[in-house]
Amino acid sequence: MITLFASRVYNLVKKVPKGRVTTYKQIAAALNCKAYRAVGQALKVNPYAPEVPCHRVVKQDGSLGGFGGQTKGRKIIAKKNLLAKEGVVISRGKVKDFQKLLFKLG
DNA sequence: TCACTATATCAGC
DNA sequence: GCTGATATAGTGA
């Protein structure tokens, strides 16, 4: 079930250009709320898999967050490769130059 | 209303 | 630096 809130999240994520990343907080802030977790859930059930690259959405500290294939555990390799292809380097499980690559919404 | 969740932030060690 | 607890907001049953 896609809701209005989720649609807004997708819209914002789609705005993130290649080689750039954003955070759950940025998205939530752009929506004028603090539903960081709701954002993650919205992305989780996203029907726009290729259009809404959740791998471009990371945690506030630059770490990949809970995604990376599944929410249980697993390794975060696919995302690392995907981001690396776009110019985003992952170092120690976190985005390198995160602050520079961070795409501020609004 | 209750429980769950891909977060964020603070306190304690 | 890491872990535990708390705050916040949205979704589904």
Side-chain angles (χ1 to χ4, degrees):
Chain A
M1 181 65 182
I2 306 307
T3 59
L4 182 65
F5 177 83
S7 298
R8 287 178 185 159
V9 174
Y10 306 144
N11 191 43
L12 288 169
V13 177
K14 284 194 300 187
K15 280 172 65 173
V16 180
K18 190 184 82 167
R20 227 23 92 83
V21 295
T22 191
T23 70
Y24 297 99
K25 187 178 183 184
Q26 287 291 317
I27 296 169
L31 295 175
N32 202 40
C33 68
K34 298 181 195 126
Y36 317 116
R37 312 183 80 177
V39 174
Q41 270 190 129
L43 289 172
K44 178 183 167 189
V45 299
N46 74 13
Y48 310 103
E51 294 185 72
V52 183
C54 28
H55 64 268
R56 273 187 214 153
V57 185
V58 298
K59 293 191 29 170
Q60 180 61 7
D61 67 318
S63 58
L64 278 338
F67 60 80
Q70 282 172 18
T71 54
K72 290 295 183 183
R74 298 293 198 211
K75 287 187 177 178
I76 307 179
I77 304 176
K79 302 295 180 191
K80 185 175 185 293
N81 276 286
L82 269 168
L83 291 167
K85 266 174 60 174
E86 299 187 352
V88 182
V89 183
I90 307 300
S91 182
R92 290 193 50 143
K94 296 176 67 168
V95 178
K96 188 172 183 168
D97 295 318
F98 171 66
Q99 298 268 348
K100 294 168 69 171
L101 297 173
L102 177 60
F103 183 78
K104 291 171 187 166
L105 301 168

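Throughout, protein chains are lettered first and strands after them, A, B, ... in sequence-line order, and every chain is numbered starting at 1. From a predicted model like this one, the values you see are computed outputs, not experimental measurements.
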Boundaries of the chain A footprint along DNA chain C (any atom under 4.0 Å from a heavy atom):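 Contacts span C:dA7 to C:dG12, reading 5' to 3'.
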Contact nearer the 5' end of DNA chain C, comparing A:L4 with A:R92: A:R92
A:Q26 backbone acceptor or donor facing A:T23 side chain under 3.5 Å: yes
Donor-acceptor pair, side chain of A:Y36 and main chain of A:K59, under 3.5 angstrom: no
For C:dG12, the Watson-Crick or wobble partner whose two distances fall under 3.5 Å: B:dC2
Partner nucleotide of C:dG4 by Watson-Crick or wobble geometry (both distances under 3.5 Å):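 Across any shown strand, C:dG4 pairs with B:dC10.
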Whole-Å distance separating the CG atom of A:L64 from the P atom of B:dA8: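 About 13 Å, once rounded to whole Å.
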Distance, rounded to the nearest Å, where A:Q41 contributes CD and B:dT7 contributes P: 10 Å
Aromatic A:Y48 / basic A:K14 pairing, under 6.0 angstrom, 45° off normal: yes
Selection: residues 46-63 of chain A, any non-hydrogen atom under 4.0 Å of DNA chain B: A:C54, A:K59, A:Q60
Approximate separation, where rounding is to 0.5 Å, of [X] [atom1] and [Y] [atom2]:
X	Y	atom1	atom2	value
A:I27	A:L105	CD1	CG	6.5 Å
A:T22	A:R56	OG1	CZ	11.0 Å
A:H55	A:L83	NE2	CG	5.0 Å

The single option from A:V58, A:V9, A:L43 passing side-chain contact (heavy atoms from CB on, under 4.5 Å) against A:Y24: A:L43
Phosphate OP1/OP2 of B:dT9 contacted by A:K34 side-chain N/O (<4.0 Å):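 Checking B:dT9 against A:K34, no side-chain N or O comes under 4.0 Å of OP1 or OP2.
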Sugar-phosphate only, base, or nothing, as touched by A:Y24 at under 4.0 Å among non-hydrogen atoms: base
Carboxylate-amine/guanidinium contact A:R20 A:E86, below 4.0 Å: no
